Amino acid sequence: MVAPDQYDTLTPTEAIALQQELRHQVQLTPLEHPIRTIGGADISFNKHSETVYAGIVVLSFPDMKVLHRESIVGKATFPYVPGLLSFREIPTLMQVWNQLEQKPDVLMLDGHGQAHPRRLGIASHFGAVAGIPTLGCGKSLLVGKHDAPPQTPGDAVPLIHKDETIGAVLCTKAKCNPVYVSAGHLMTLRNAVAIVRKCMGKYRIPEPTRRAHEWVNEVRLAHGESKVPE
DNA sequence: GCGACAG
DNA sequence: ATCTTGTCGC
């Protein structure tokens, strides 16, 4: 089985073949224990640069207080291809995960989990490889159809793809676009939606992902190279 | 064949 | 995702 640190050697065709193998390792069983902590993961980079800044922020649940933060500077050679996002982001995110001393009970990824054409979005992929409970929360749609998005915070409508409910379109803030929630690994869609609801704060983006986004941008700017790319 | 297409 | 100022709506 190809490990994350080898993803940059794969061709898109080989990457898709690996997804077909990994999809069968994903478990959508109910979350076993109540959660006390949750992690948010994200990456940042400069335009036209393969240097990436990956980070994970661990927060208390449901208090949403930042407990730990970890980051790493790496390279992302695999290009962004819709449906193959995980091959670009997982290598560095997995390194950050491995150097985290205090692992969170669940991890929220910036992207989809089951709401993927082959049911292996970055959240399901990361969860299957790391063997931990994960969920995906994307800002835009990759696949699936749904009725009019809810207008009231906390409300959701199902996201359907090929007669299957693959996720939920959730309103996290009034007068804002919704977010797309789906199960990643070791939890159900119902678990995922319940978790995101408790992570809703003052902004559209749920706290774990929002704090992770802030964190990696802070790391990138601190690393200095915000303006003219080399 | 044509259009869609996470970050 | 990233680059960027103003601007429209609540």
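What you see is a predicted model, and the numbers here were worked out from it, not measured in a lab. Residue numbers begin at 1 in each chain, while the letters A, B, ... track the order of the sequences.
- A/Gln102 has its side chain out of reach of A/Leu67: every pair of non-hydrogen atoms, C-beta onward, lies at least 4.5 Å apart.
- Residue A/Leu109 contributes atom CG, which lies 12 Å from atom P of B/dG7 at whole-angstrom precision.
- Ring-plane geometry between A/Tyr180 and A/His112 is classed as perpendicular, the angle between the planes exceeding 60 degrees on a 0 to 90 degree scale with a lower cut at 30.
- One atom, CG of A/Leu85, and another, P of C/dT2, lie 13 Å apart when rounded to the nearest Å.
- A salt bridge is defined here as a Lys NZ or Arg NE, NH1 or NH2 lying under 4.0 Å from an Asp or Glu carboxylate O, and A/Arg211 with A/Glu218 fails to meet this definition.
- Between the P atom of B/dA6 and the CG atom of A/Leu93 lies a distance of 18 Å, rounded to the nearest Å.
- A heavy atom closer than 4.0 Å to some atom of DNA chain B occurs in A/Gly121, A/Ile122, A/Gly138, A/Lys139, A/Ser140, A/Leu141, A/Leu142, these being the qualifying members of residues 119-156 of chain A.
- When the side-chain nitrogen and oxygen atoms of A/His161 are compared with OP1 and OP2 of B/dA6, none of them lie within a distance under 4.0 Å.
- To the nearest angstrom, P of B/dG7 lies 21 Å from OH of A/Tyr53.
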If you restrict it to nitrogen or oxygen atoms, what contacts under 3.5 Å exist between nucleotides 7-10 of chain C and the protein, and what is each distance?
residue, atom, partner, partner atom, Å
C/dC10, O3', A/Lys175, NZ, 2.3

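- With rounding to whole Å, A/Ile166 atom CD1 is found 14 Å from B/dC5 atom P.
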Q.
Let's go through A/Lys75 and A/Asp8 carefully: what are the C-alpha distance in whole Å and the side-chain angles of both, what is the deciding distance for salt bridge (charged side-chain N to carboxylate O under 4.0 Å, His left out) to 0.1 Å, and is it a yes or a no?
A. CA-CA 10 Å; A/Lys75 297 287 184 182; A/Asp8 61 353; over 6 Å; no
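- Side-chain nitrogen and oxygen atoms of A/Arg118 include none within less than 4.0 Å of the OP1 or OP2 phosphate oxygen of B/dC5.
- In terms of phosphate contacts, A/Asn217 brings no side-chain nitrogen or oxygen within less than 4.0 Å of OP1 or OP2 of C/dA1.
- Using a 4.5 Å cut-off on side-chain heavy atoms (C-beta onward), A/Ile160 and A/Pro158 make contact.
- Note that A/Arg197 lies outside the cation-pi zone of A/Phe61, set by a 6.0 Å cut-off to the ring centre and a 45° limit from the axis.
- The aromatic ring centres of A/Tyr7 and A/Phe78 sit 6.0 Å or more apart.
- Residues A/Leu18 and A/Phe87 are in side-chain contact: their nearest non-hydrogen atoms beyond the backbone lie under 4.5 Å apart.
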Q: Using Watson-Crick or G-U wobble pairs with both distances under 3.5 Å, give me DNA chain C in dot-bracket, 5' to 3', with [ ] for crossers and | for pairs to another strand.
A: ..........
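- The side chain of A/His48 contributes no N or O atom lying less than 4.0 Å from OP1 or OP2 of C/dC3.
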(Q) Does A/His213 form a ring-ring contact (aromatic ring centres under 6.0 Å, His included) with A/Tyr203? I'd like the steps, not just the answer. (A) CA-CA 13 Å; A/His213 193 272; A/Tyr203 308 88; over 10 Å; no
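- In this structure, the OH atom of A/Tyr180 is 15 Å from the C1' atom of B/dG7, given to the nearest Å.
- Rounded to a whole Å, the CZ atom of A/Phe87 is 21 Å from the P atom of C/dA1.
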In residues 28-44 of chain A, what donor-acceptor pairs under 3.5 Å come from side-chain atoms, sequence neighbours left out?
residue, atom, partner, partner atom, Å
A/Thr37, OG1, A/Asp105, N, 3.0
A/Ser44, OG, A/Asn217, OD1, 3.0
A/Ser44, OG, A/Arg220, NE, 2.7

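- Residues A/Arg119 and A/Gln114 bring no donor and acceptor atom of their side chains to less than 3.5 Å of each other.
- Minimum atom distance to the side chain of A/Tyr80 is reached by B/dA6, of the listed B/dA6, C/dC3, C/dA1.
- Whole-Å rounding puts the A/Ile43 CD1 to C/dT2 C1' distance at 12 Å.
- There is no side-chain donor-acceptor pair under 3.5 Å between A/Thr77 and A/Glu50.
- Using a 4.0 Å heavy-atom criterion, one finds that A/Leu84 contacts the bases of the nucleic acid, with or without backbone contacts as well.
- When distances are taken from the side chain of A/Ser44 to each of C/dA1, C/dT2, B/dA6, the shortest belongs to C/dT2.
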Output side-chain donor-acceptor pairs under 3.5 Å for residues 127-137 of chain A, partner residues at least two apart or in another chain, one line each.
residue, atom, partner, partner atom, Å
A/Thr134, OG1, A/Ala123, O, 2.7
A/Thr134, OG1, A/His185, N, 3.1

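- Contact of the A/Phe45 side chain with the A/Thr51 side chain is not registered, since no non-hydrogen atoms from C-beta on lie closer than 4.5 Å.
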Q | Which nucleotides of DNA chain B pair, in dot-bracket form (Watson-Crick or G-U under 3.5 Å, | meaning another strand) | A | .......
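- Residues A/Gln19 and A/Leu22 fail the side-chain proximity criterion, which asks for heavy atoms closer than 4.5 Å.
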